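Each remark here refers to the structure printed beneath this line.
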Amino acid sequence: MKLITWNVNSLRTRLDRVLGLLDRHRPDVLCLQETKMVDADFPRTELESKGYHCAFWGQRAYNGVAVLSRESPQQVEASFDGNPVPDAARVLGVTVDGWRIINLYVVNGQSIDSDKYALKLNWLEVFARWLHARHDPTQPLILAGDFNIAPSDRDVYDPTVWKGKLLCSEPERKWLCGLQQWGLADLLRVNEADKQVFSWWDYRYGAFARNLGLRIDLILATQPVASRCTSVVVDRDERKAKSGPGKPSDHAPVIATFEHP
DNA sequence: ATGGTTGGTCGCCAA
């Protein structure tokens, strides 16, 4: 079983690259964020022709999440109870082969002095409350997506510059610790305790060429899933996008592989 | 290094 999460920053612009990713990796599940398109425009024909079922929840211009899977998804559920911004398409849950998979595009927050940061913290709190009420950490569960939080200083190219800033602030990191205490492991850190791995590089400042990155795209899982995880890697070549059609997203795909359940 | 790029949409906003 192979699962990939990728913030594509517009599925319309990135479709040919998504099709290439499916050919290259043949994942069982692909979680996409920032599709930025309404459901009527979703390119399901092209994706189904690659052998994938499509679950999606989009909106105009912003946000948008989708889960592609080789097996038909069951119990598709958009959003979560009490969502403070119920119209923002950011959460999509599916069940595939008995594993519950929740695709997340967490509120960015803009900057820590912004009202949007307060909204982010509230959104996170309500989401966690719903997760705890409605899910069981002893059962197979995966949370994958763009968390817009770098879990620790190991996940930041220059922790001094980023100390206390958006994506690295203590309240954001505490929220992730809470998920971990509930029973979700950060799969990349199960086998790679100290390795510096990034998943997002700003389009500006030549950030990718200088490797000024953060790891904010995460795959978390409960113990029955985490114990079967054999690797987590980032497809940096996709962020380079030297080959293939079009330009890169500012995020790279994160790829987790599991022993057969 | 507080610079500047990309996408959606069409003057800016969001990331």
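When reading the values below, keep in mind they use all heavy atoms of this one structure, side chains included, and skip hydrogens, waters and symmetry mates. For clarity, every value in this text was computed on a predicted model and none was experimentally measured. Residue numbers begin at 1 in each chain, while the letters A, B, ... track the order of the sequences.
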Please pick, from dA15(B), dA14(B), dG3(B), the nucleotide with the shortest atom-to-atom distance to any side-chain atom of Asn108(A). dA15(B)

Proximal nucleotide (of dA14(B), dA15(B), dT2(B)) relative to the Tyr62(A) side chain: dA14(B)

Winner on side-chain proximity to Lys247(A), out of dT2(B), dT6(B), dA15(B), is dT6(B)

Between Lys50(A) and Glu46(A), is there a side-chain N and carboxylate O pair less than 4.0 Å apart? no

Does NZ or CZ of Arg70(A) fall inside the cone over Tyr52(A)'s six-membered ring, less than 6.0 Å from its centre and within 45° of the axis? yes

For Tyr105(A) and dA14(B), give me the distance from atom OH to atom C1', rounded to whole Å. 8 Å

Whole angstroms only, please: what is the NZ-P distance between Lys36(A) and dA14(B)? 12 Å

OP1 or OP2 of dA15(B) less than 4.0 angstrom from a side-chain nitrogen or oxygen of Arg204(A), does that happen here? no

Kindly point out which of dT6(B), dG3(B), dA15(B) is positioned nearest to the side chain of Tyr203(A)? dT6(B)

Side chain of Lys165(A) (C-beta onward), nearest among dA14(B), dT2(B), dA15(B): dT2(B)

Closest-nucleotide mapping onto DNA chain B: is Arg14(A) or Val107(A) further toward the 5' terminus? I mean the 5' end. Arg14(A)

Would you kindly give the CG-to-C1' distance between Asp115(A) and dA14(B), to the nearest whole Å? 15 Å

For Phe208(A), report the nucleic acid contact type (base, sugar-phosphate, nothing); a contact means any heavy atom under 4.0 Å. nothing

Look at the aromatic rings of His251(A) and Trp200(A) and report parallel, tilted or perpendicular, splitting at 30° and 60°. tilted

DNA chain B: Val161(A) or Asp146(A), which has the more 5' nearest nucleotide? Val161(A)

Would the Phe258(A) and Trp99(A) ring centres measure less than 6.0 Å apart? yes

